Amino acid sequence: MSTSPLKVRPIDEFLYEIPAHGGMRVPGRVYASPAMMARLLDSEQHALTQVANVAHLPGIVGYSLAMPDIHQGYGFPIGGVAATDPAGGGVISPGGVGYDINCGVRLMATHLQWAEIQDRLPELVGALYEAVPCGVGSSGAIPRLADKEVRDVARRGAAWVVEQGYGRAEDLERTEAGGCLDGADPERVSQRARSRGAAQVGTLGSGNHFLELEVVEEINLPDAAEALGLRVGQLVLAIHSGSRGFGYQVCEDFLRVMDRAMARHRIQVPDRQLACAPVESAEGQDYLAAMRAAANFAWANRQTMMALAEKAMAAALGVSRRSLGLSLVYDVCHNIAKLETHRVDGVERTLCVHRKGATRAFPPGHAEVPAAYRQVGQPVFIPGDMGRASYVLVGAAPAMERTFGSTCHGAGRVLSRTAARKQGKGRDLVAEMARRGVEVRATGRATVAEEMPEAYKDVTEVVDVMDGAGISRKVARLRPVGVVKG
């Protein structure tokens with residue numbers, strides 16, 4: 001790992017560059033405000049070092065990128081984006097996707113106004129907590145799947161659970177990639193990974209995963225908000241979760257595979273956590289097929305939780321599902337590697353785009369944006385912390401030119417989980433959140449402490465950087481009112 005001091009120079013108000021040096025094949029670029037960059041240089045140098053380390057990857061093109069929610073991760077920084085050229089020996093790295101493959105956010109609108117149901121909030125949050133299993137190792141939302149069924153989920157993603165009665169076919173039209181990546185192969189997934197996932201479809205998990213009731217508090221782009229079906233005062237539901245034990249095991253398995261493969265492919269990187277192999281190698285193709293299977297599992301998981309939440313909310317309020325009006329706005333992932341077409345030096349090339357703690361943000365007119373949103377751009381959901389705000393954005397044209405169609409994914413941590421637990425010791429954080437108007441249900445106090453608002457950057461500052469840089473545009477601000485945690 002590089003130990004030399006990093007030189008960072010400003011490009012403009014919201015962009016900084018780490019010039020290529022040593023074995024860096026491209027410069028590093030970090031989106032940040034001046035205050036954010038000052039904090040990074042003062043106390044988060046390791047995250048910047050990781051940006052520079054990623055720039056050593058064979059076949060990387062353009063820049064090693066980081067979004068303003070950057071913080072230290074495994075190999076790649078969280079908030080990192082890197083595109084490699086498979087035709088030029090470009091590599092794929094499990095560290096550039098992360099352990100929670102296709103962790104993502106699903107936002108659902110309702111017909112409900114906050115003013116109509118705010119007195120029922122404790123019942124609603126309690127119903128969601130009872131309906132959707134959460135916590136470490138949680139299971140039991142639907143019966144444990146047989147291995148053949150797990151393989152079907154891995155191949156077909158959200159469509160498989162829709163056919164089992166969890167949601168509607170139109171949900172797939174408003175899910176990134178239709179809720180299924182082609183080329184997934186469960187035969188490339190270990191028995192251990194499939195077994196871990198068998199009882200976890202429809203489960204939230206722990207850590208920063210959540211179900212959150214939110215109120216649309218402010219509209220910034222009325223036309224885009226109208227297209228997305230959002231209005232001031234409306235109650236919405238967000239689900240943040242991923243591929244659970246299935247994806248974790250896929251990552252763990254392939255980190256070992258890639259570590260051995262590097263010697264065979266004569267690849268040297270400054271950090272072994274960047275273990276990788278050429279995209280077109282046998283190891284690269286096997287990982288892509290297994291990662292896609294895990295991504296499909298994650299979409300099936302979030303689709304199932306949406307159906308469980310709909311049923312629970314309708315029952316808690318004593319209304320029909322039609323009256324509840326729960327409908328999917330969009331589902332977007334933020335831990336993924338995809339083969340995409342991008343223009344580099346005036347030439348269209350097929351690139352392997354790693355987004356780790358970063359979200360796809362395709363602009364208006366792009367063919368992969370659902371038809372309903374094509375005029376406004378791809379929806380992007382940026383959760384903050386449970387005490388402040390979350391945002392709805394849409395992708396903008398400059399993203400394709402500057403970030404391989406990518407933007408931020410959340411607020412970004414400023415305290416480790418250990419540090420947050422220490423800071424929360426002796427505090428009744430659930431009561432503190434209640435005084436702020438947020439009803440919290442969680443399986444344990446440790447999780448609430450790890451996820452306290454102080455553990456995160458201010459998401460408004462993060463979003464303002466990407467809006468100011470023209471990468472993604474603010475559509476609406478959402479205020480949390482009810483939170484379910486593992």
Side-chain angles (χ1 to χ4, degrees), residues 25-26 50-51 53-66 73-103 154 177 181-190 193 242-243 247-296 298 333-342 344 349-358 360 404-406:
R25 300 169 190 264
V26 296
Q50 289 186 318
V51 175
N53 288 345
V54 170
H56 290 71
L57 291 177
I60 190 170
V61 299
Y63 306 95
S64 168
L65 295 161
Y74 185 93
F76 274 59
I78 296 168
V81 176
T84 63
D85 183 357
V91 298
I92 187 166
S93 173
V97 173
Y99 279 92
D100 196 0
I101 295 168
N102 189 6
C103 185
L181 292 180
D182 293 335
D185 186 356
E187 302 307 319
R188 299 294 176 264
V189 175
S190 68
S243 50
Y248 188 100
Q249 192 65 47
V250 166
C251 181
E252 192 165 87
D253 291 342
F254 276 93
L255 283 170
R256 289 193 292 268
V257 170
M258 298 298 193
D259 190 60
R260 294 191 298 267
M262 285 198 296
R264 188 160 53 256
H265 294 289
R266 298 181 181 179
I267 293 171
Q268 293 185 330
V269 290
D271 183 353
R272 293 296 289 271
Q273 292 183 357
L274 293 174
C276 58
V279 175
E280 296 188 345
S281 69
E283 298 91 347
Q285 290 297 299
D286 284 352
Y287 173 68
L288 261 177
M291 183 216 68
R292 289 164 175 161
N296 292 347
C333 61
H334 53 230
N335 281 358
I336 202 82
K338 285 186 178 180
L339 297 180
E340 298 174 351
T341 300
H342 290 274
V344 180
R349 295 155 74 175
T350 298
L351 304 178
C352 180
V353 182
H354 301 71
R355 296 187 180 96
K356 180 183 182 177
R360 198 177 75 171
F404 302 104
S406 309

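Everything numeric in this text was worked out from a predicted model, so none of it was measured. Along the sequence shown, the residues carry numbers beginning at 1.
Q273 contributes no side-chain N or O that, together with a main-chain N or O of G95, makes up a donor-acceptor pair within less than 3.5 Å. With hydrogens and angles disregarded, a donor-acceptor distance shorter than 3.5 Å links the side chain of H354 to the backbone of A82.
For C352 against A337, the heavy-atom pair with the smallest separation is SG-CB, 4.2 Å. Of all heavy-atom pairs spanning G75 and L274, the tightest one is C-CD2, 3.6 Å. Taking every heavy atom of both residues into account, K356 and V97 meet most closely at CG-O, 3.8 Å. Of all heavy-atom pairs spanning E340 and F404, the tightest one is OE1-O, 4.2 Å. Minimum heavy-atom separation, A154 to P186: CB-CB, 4.0 Å. Across A184 and A293, no two heavy atoms sit closer than the pair CB-N, 3.5 Å.
The side-chain hydrogen bond (donor to acceptor under 3.5 Å, both in side chains) contacts involving residues 181-190 comprise R151-E187, R188-D286, S190-D253, where partners must be two or more places apart or lie in separate chains.
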Going through the checks in order, is the side chain to side chain contact (heavy atoms under 4.5 Å, CB included) test met by R272 and M262? CA-CA 10 Å; R272 293 296 289 271; M262 285 198 296; 3.9 Å; yes
Step-by-step side chain to side chain contact (heavy atoms under 4.5 Å, CB included) determination, V26 to V61: CA-CA 7 Å; V26 296; V61 299; 5.8 Å; no
Check the pair Q285, V279 against side chain to side chain contact (heavy atoms under 4.5 Å, CB included), reporting the backbone distance first and the verdict last. CA-CA 6 Å; Q285 290 297 299; V279 175; 4.1 Å; yes
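Distance CD1/I92 to CE/M291: 5.5 Å, rounded to 0.5 Å. Here the CG-OG1 distance, from L339 to T84, works out to 8.5 Å after rounding to the nearest 0.5 Å. Here the straight-line distance linking atom CG of D271 with atom NE2 of H56 works out to 10.5 Å at 0.5 Å rounding. Taken from CG in D85 to CD1 in I60, the straight-line distance is 11.5 Å, to the nearest 0.5 Å.
Remark: Y99 pairs with Y74, Y248 by the ring pair (Phe, Tyr, Trp, His ring centres under 6.0 Å) rule, at least two apart or across chains. Qualifying side-chain hydrogen bond (donor to acceptor under 3.5 Å, both in side chains) partners for S406, counting only residues two or more places apart in sequence or in other chains: R355.
When side chains are defined from C-beta on, V189 counts as touching V250, because their heavy atoms get closer than 4.5 Å. In this structure, D100 and S243 have side chains that are in contact, with non-hydrogen atoms separated by less than 4.5 Å. Counting heavy atoms from C-beta on, the side chains of R25 and P58 come closer than 4.5 Å. Annotation: side chain of L181 is in contact with side chain of K338 (closest heavy-atom distance under 4.5 Å). Annotation: side chain of V54 is in contact with side chain of P77 (closest heavy-atom distance under 4.5 Å). Side-chain contact check for N335 versus I101: every heavy-atom pair is 4.5 Å or farther apart. Taking the side chain as every heavy atom from C-beta outward, M258 and V91 never approach each other to under 4.5 Å. Residues Y287 and V257 form no side-chain contact, since every pair of their non-hydrogen atoms from C-beta on lies 4.5 Å or further apart.
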